[in-house]
Enquirer: 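Could you have a look at this structure, given as structure tokens, before my questions?
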Amino acid sequence: MPEPVKKTVSAFAKKPKTQVAEEGATVVFETETEKPDAKVRWQSNTKDLASGDKYMIKADGNKHSLTIQAVTKEDGTAYAVIAGGSKVKFDLKVKEKEVMEEVKLEVKKEVKEKEEEAQGGAGDPAAPAATDTLAPEEAPAPAETPAAADTTPVAPQPESQAPDTKTDLTGLFTEKPQSGEVAVGENINFVAKVNAASLLKKPTIKWFKGKWMDLASKSGKSLQLKELYDRNSKVYTFEMQIIAAKPSFAGAYRCEVSSRDKFDSCNFDLTVHEARAVEGFDIRAAFRRTSVDGSEEAGELDFSALLKKRDSFFKGSPGHRASKSQVKSEPDEDVWEILQKAKASEYEKIAFQYGITDLRGMLKRLKKMRKEEKKSEAFLKKLDPAYQVEKGHKMKLCIEVANEDVDVKWLKNGQEIQSTGSKYIFESVGNKRYLTINHCSLSDDATYTCVVGDEKCTTELFVKEPPVTITSNLEDQMVMKGERVELECEVSEEGATVKWEKDGVELTRDESFKYRFKKDGRKHVLIINEATKEDCGHYTVKTNGGESMAELMVSEKELEVYQNIADLTVKAKDEAVFKCEVSDETVKGIWYKNGVEVKADARTHITHIGRIHKLTIDDVKPEDQGDYTFVPEGYAFNLSAKLNFLEVKIDYVPRQDPPKIHLDCMGHTADSTIVVVAGNKLRLDVPITGDPAPTVIWTKGEKAGSEVAAETWSIKDGDVMTEGDGRLHVESTKGHCIFTIEGADKQDEGLYSVIVRNPAGEDKADINVKVVDAPDPPSAPRILSVGEDSCVVQWDPPKSDGGNPIIGYVLERKKKKSYRWMRLNFDPYTDTTYEAKRMIEGVEYEMRVYAVNAIGMSCHSAASQPFIPVAPTSEPVGLCVDDISDTTISLKWRTPEHLGSSELDGYGVEYCKEGSDEWVPAFEGLTERTSVIIRDLPTGEKMQFRVKAYNMAGPSAPTSLAQAVTIREIMQKPKIWIPRNLRQTLIKKVEETINLVIPFQGKPRPVITWSKDGEPLNPKQVSIRNSDTDTILFIRKSERKDSGKYEVKLQIENVEDTASISIQIVDLPGSPEKLKIMDVWGFNVALEWKPPKDNGNCEITGYMVQKADKKTMEWYTVYELYRRTNCVVADLIMGNEYIFRIYAVNMVGLSLEPCFSADSAYIQKTGFEYKPPTYKEHDFSEAPKFTHPLVSRSVIAGYNATLSCSVRGIPKPKVTWYKNKMDISNEAKYRMFSKQGVLTLEIRKPCSFDGGVYMCKAVNASGEDAVECKLEIRPPGTFPQAQITKEERDKQMNKAD
């Protein structure tokens, strides 16, 4: 059999990815195919897309793209791209733009309500300022990188523990989240890191609070989950950030990470200090179902509680990382208290100052704060805002009422719950009321309400469906081409949904009918009816809780011959039987004699039972002699044998005829040895003569050639005188003595002698019988070595070869946890050492061997010891010297590019002197770090260093430094490395924090000096912190005066380096000036104004022009970013009077106050006369035109013939038929038909004179048109002399067009 084909790969070299876009934007999806001529189809919701105004499809070689213009909400759906048999799915997510106009209307409405409530016209409150300041003389803790300067602090580690958590990790985590403490209102980060180098799939992470509350769905303003991936180190970083911590956030948390069949988890705690009695924020209460009118029985989730809020502008700033002894903070001011005291007109200013961007959410919360909370009279304890329970478990809801005798009612989604069956159980214990829900299902996920009199309390029950896991994995399979394949798995829950993939591409029913998906309870089966080579590959079944993969290999069928047909020598009237056995029961065949197919008749019988094919010939005659061949259908080989006819001549002999044995050559070789397969029948048919009938004696020696008889059987006058066990039969017929052994085995092997005697004499013949059998099984295989996806296996030959030499071996393998063995080779392998490939790294396997000889295959050997294919990692990369001194050196490197499935145990570092081969370990054992400091080295000596990575397969190849290193501290010139983002002017808004991290190099540590515009910095405004590798400039609250050019200078002895950084502090612009109405005409008004005096220290990007009708005083935006200082406002409504205002806009935003027009503009009413439009009558006339021409034909004489064409024209044209340019309209032999523009000419029983050129002519008032064809009349029984070519027909059609 041929080797299994390699698995097919995806047709895509680059796959499109899911994108997120705003409404109105243009989105482009790009993909690349492996082949430049591949046909690509784009689909949306399984429907094919075509190029048009909405979609643009382009193809350039192997690059293809789909462009979606003006994205709308309806475009946010699932898309797919198909090339060949590969299909890739992706999504487009559409975000809504903020409706600023609606927000401003709500602000305006709130302004009116606030002004009505205000009494005495209170003055504007002072603008609040952030009070979280840092003492000037103390600098904040530095960030490691510039990007980290604005992040919140991570969870602190206990002082007794080392900051590096990688030294004692197990499982998937390389860094686990640590327990932390935080004050109320502050932020905290929890970080988990996972190394994905050894994972086949991206890890999935889940964050929980307590035992069951999944925080993924609770993400909002107070809880944010982030994910980062470093392609160089292949490390995923997962962050959970808690913003503005509340006392209810304290408790136990859990982090779980999983990838395929690997899983790891970690527990940590959060402690919240200094809890204050402020308005609490319960993260579960944010998910209560509420409606627009405020009723609690509504069924939609309300996420308004997660809208942006901020208690303090500087919460979570880097200054909070400092210890309490370093920070001197003033009491925080509550932004909600400021908003309650402020006028409604100041809301927008305060919101901008404190970073509140959701004005609508802010207004809703202010309305709720005005309502006084009424203490419940009926309830002592209400239901919690939300509960969560796993599917199938029990949930118990409890309340406490003030009156023990009061009746309560329980509602589910507004409908009263009836106590029927065991689903719901109501209990009353004292003043406590319980509702127990048994066997929770997804239908129990609802809103539950407890009603006591006129009061009620509501909670939300979330039913968590446990993930569906795979309990029985897929098994690898190797099948023959055309066979049926069933890949079966079993999941943990009935009715679960699974997804099947082949080489990463999802298999669906809408592609073709090749795959069938079967579901039977918890079993899921993928069925491939007729497997082909294209079906080779890795098949994966996925659930929401795991996945399983199996490999399918398809091999070409190769018919094996288990028993060949043998030559026969038979006598007249005897029976000849040709028999063969093949490996496939379904294969049919044909028998041939001397090349002519043999047909079944009264003497010849052809049978096919299972794998055995027989040809039986009764009463053999001389003409039956010849070569017989059996040819299997569909295979290019045959089996041949010869039938020899033995003619027996009977001569007249006297009655005293001495006995004679006539042996033929049937079934034995040249050395008179007959070979029989163990288990088959041994039949020795010996022709004898003699008169009177001789006595026959059969004897068997111990061995071939032995003269000592072990057993004897005799026959006299046809009667058996002695006989052995039931397997042996001795019989005699006229002229024959027959010796038969049923089911021959090894002990029947030996030398058989037949002796015939009568009074006239005796005769003797020896027959050597050899019994052959399948060999014994080989010894259990031994695994010599393993690789990444292979192993080398060796075994010993079997003790007995069964009487035939061993022609090879067949090997099988299986996974340790599986029961299905998969054959590795179909052709016998001659050696006793084999390299098995195509195994999955990290999976445990077993091997076994079969021995094969000419008779058949032995039983399988015992299984080998279980082994796991694994390879050593590749060598570490990037080994370099990080630092060096007189006695120490610091080395660092990166993890190997290839880790394999085995976990990395650590690294070993060695060094030796230059010119020596004696490598000395730098320390005992291994280190998990990728950097190390080696101490106590000889000063001035040249040393060489190398690093090896270790896993369970052993050490990797070493990586060494390019050259030896001299152990001596090196003088390094000072050099400032300005980050790329600081090489241009740094622009910051007023009151924003400035944190500049400037890295540098230089040894010994240089002297660092900062200055601004040539003058020293003010330490009260600017803080400086220096380290060995960087210097940090920090300004907590920037001001306009902080703009300028900052210079930093490094100096080591007489060598120095300088660099400059430009900072620009920008603010909101001032209001425009002198807005005038220059002219009013028609529906238009011309405006003109002057730029503001204060541009906010940056360029004015435009102006916002708004208009308002004096009747309603509702403002509408005319221009948003208008560049000039004059404009024309058009499309005004007649009879209305308008006023105008203008805001200045820069990169910070709108000016605080607008500039109003001093005068108003009145649009005069003007009359006009309506003139209806005039229309020109359309001319529908059209000249005749043949839409389908006449086609030349060749017909048989005597049979009616028709010529057809179609014509179009307005008015209806007059049609005339011509033959050889002669009008035939009035001839009786021709009939003309016209129906719906289709013209037909019928020629009745044409003769040879009716052949020629026929023309059809159509004429009307607008013109004329004609079409013609040739008609050939041929006598019956003849063929046309000339065929009308396709070119002529196309030429006629083109002429007609």
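Here the structure is a predicted model, which means the values were calculated and not measured.
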Enquirer: Is Arg1274 reaching over with its side chain to a backbone N or O of Ser1194, donor-acceptor style, under 3.5 angstrom?
Expert: yes

Enquirer: What's the shortest heavy-atom distance between Ala1197 and Pro1276, and which atoms?
Expert: O-CG, 4.1 Å

Enquirer: Is the shortest distance from a Lys or Arg side-chain nitrogen in Lys499 or Glu501 to a carboxylate oxygen in the other one below 4.0 Å?
Expert: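 Looking at Glu501 together with Lys499, the answer is yes, because their closest N to O distance falls below 4.0 Å.
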
Enquirer: Determine the minimum heavy-atom distance between Cys1256 and Val1215, stating which atoms define it.
Expert: SG-CG1, 3.5 Å

Enquirer: Determine whether Leu643 and Lys593 make a side-chain contact, defined as any pair of heavy atoms from C-beta on separated by less than 4.5 Å.
Expert: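 Heavy-atom side-chain distance check fails, nothing below 4.5 Å.
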
Enquirer: Which heavy atom in Val27 sits nearest to a heavy atom in Ala21, and how many Å separate them?
Expert: CG2-CB, 3.5 Å

Enquirer: Taking the side chain as C-beta and beyond, is there a heavy-atom pair between Val485 and Tyr539 under 4.5 Å?
Expert: no

Enquirer: Side chain to side chain contact (heavy atoms under 4.5 Å, CB included) for Val1191 and Cys1269? Distances and angles first, verdict last.
Expert: CA-CA 6 Å; Val1191 179; Cys1269 71; 5.9 Å; no

Enquirer: Using a strict 4.0 Å threshold on nitrogen-to-oxygen distance, state whether Lys1270 and Glu1272 make a salt bridge.
Expert: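 Answer for the salt bridge query: no.
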
Enquirer: Answer yes or no: does atom CG of Asp601 have more than 12 heavy-atom neighbours from other residues, nucleotides or ligands under 6.0 Å?
Expert: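 Yes.
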
Enquirer: Within the supplied structure, the quantity of interest is the number of heavy atoms (other residues, nucleotides, ligands) at a distance under 6.0 Å from Tyr1199 OH; does it exceed 12?
Expert: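 Incorrect, the count does not exceed 12.
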
Enquirer: Measure the shortest side-chain to side-chain distance between Thr67 and Thr26 over non-hydrogen atoms and say whether it is less than 4.5 angstrom.
Expert: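 Answer yes - side chains close enough.
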
Enquirer: Please report the C-alpha distance between Ile82 and Gln43 in whole Å, then the side-chain angles of each, then the deciding distance to 0.1 Å, and finally whether the side chain to side chain contact (heavy atoms under 4.5 Å, CB included) criterion is met.
Expert: CA-CA 8 Å; Ile82 302 174; Gln43 290 185 344; 3.5 Å; yes

Enquirer: Please check: side-chain N/O of Gln625 versus main-chain N/O of Phe645, any donor-acceptor pairing under 3.5 Å?
Expert: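 Yes.
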
Enquirer: Just so I know, are the side chains of Trp500 and Lys502 near enough to count as touching, which here means a heavy-atom distance under 4.5 Å?
Expert: no

Enquirer: Kindly give the heavy-atom pair with the smallest separation between Gly1251 and Asn1220, and that separation in Å.
Expert: O-ND2, 4.3 Å

Enquirer: Thinking salt bridges, do Arg1244 and Glu1242 make one under a 4.0 Å N-O criterion?
Expert: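 Result for this pair is no, no salt bridge flagged.
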
Enquirer: Can you measure from NZ (Lys579) to CG (Leu639) and round to the nearest 0.5 angstrom?
Expert: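 Those atoms lie 14.0 Å apart.
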
Enquirer: Taking the side chain from Glu483 and the backbone from Met480, do they hold a donor-acceptor pair closer than 3.5 Å?
Expert: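 Yes: the side chain of Glu483 pairs with the backbone of Met480.
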
Enquirer: Does atom NZ of Lys54 have more than 12 heavy-atom neighbours, drawn from other residues, nucleotides or ligands, at distances under 6.0 Å?
Expert: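 Yes - once you tally the heavy atoms of other residues, nucleotides and ligands closer than 6.0 Å, there are more than 12.
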
Enquirer: Shortest non-hydrogen contact from Lys87 to Thr508?
Expert: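 Looks like NZ-OG1, 4.2 Å.
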
Enquirer: Ring centres of Phe29 and Phe90 under 6.0 Å apart?
Expert: yes

Enquirer: Using 0.5 Å steps for rounding, measure from the CZ atom of Arg516 to the CZ atom of Arg484.
Expert: 5.5 Å

Enquirer: Going by an N to O cut-off under 4.0 Å, is there a salt bridge joining Arg41 and Asp48?
Expert: yes

Enquirer: For a 4.5 angstrom cut-off between non-hydrogen side-chain atoms, does Val1195 reach Ile1273?
Expert: yes

Enquirer: Taking the side chain as C-beta and beyond, is there a heavy-atom pair between Thr31 and Val88 under 4.5 Å?
Expert: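 No, every pair of side-chain atoms sits at 4.5 Å or beyond.
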
Enquirer: Assess the residue pair Val598 and Leu615 against the criterion (side chain to side chain contact (heavy atoms under 4.5 Å, CB included)); give the C-alpha distance rounded to whole Å, side-chain angles, the decisive distance to 0.1 Å, and a yes or no.
Expert: CA-CA 9 Å; Val598 177; Leu615 172 63; 4.2 Å; yes

Enquirer: Judged by modelled atom types alone, do Thr1187 and Ser1206 share a side-chain donor-acceptor pair under 3.5 Å?
Expert: yes

Enquirer: NZ of Lys518: more than 12 outside heavy atoms within 6.0 angstrom?
Expert: no

Enquirer: Can you give me the closest heavy-atom contact between Val554 and Cys536, atom names plus distance?
Expert: N-SG, 3.3 Å

Enquirer: How many angstroms lie between CG in Leu487 and CG in Asp476, if you round to the nearest 0.5 Å?
Expert: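 Atom-to-atom, Leu487:CG and Asp476:CG are 9.5 Å apart.
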
Enquirer: Look at atom CD of Glu530 and say whether more than 12 heavy atoms of other residues, nucleotides or ligands are closer to it than 6.0 Å.
Expert: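 It does not: Glu530 CD has 12 such atoms or fewer within range.
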
Enquirer: With the side chain counted from C-beta on, respond yes when Asp1250 and Lys1219 share a heavy-atom pair under 4.5 Å apart, and no when they do not.
Expert: yes

Enquirer: How long is the straight-line distance from CZ of Phe578 back to NZ of Lys642, given to the nearest 0.5 Å?
Expert: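 Going from the NZ atom of Lys642 to the CZ atom of Phe578 covers 11.0 Å.
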
Enquirer: How long is the straight-line distance from OG1 of Thr616 back to CZ of Arg603, given to the nearest 0.5 Å?
Expert: 12.0 Å

Enquirer: Under the side chain to side chain contact (heavy atoms under 4.5 Å, CB included) criterion, do Phe12 and Val81 qualify, and how do the steps go?
Expert: CA-CA 10 Å; Phe12 293 99; Val81 58; 3.8 Å; yes

Enquirer: Working to the nearest 0.5 Å, report the span between CG of Leu552 and NE2 of His538.
Expert: 10.0 Å

Enquirer: Counting C-beta onward and ignoring hydrogens, is there a side-chain heavy-atom pair between Leu66 and Leu49 closer than 4.5 Å?
Expert: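 Heavy-atom side-chain distance check passes, below 4.5 Å.
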
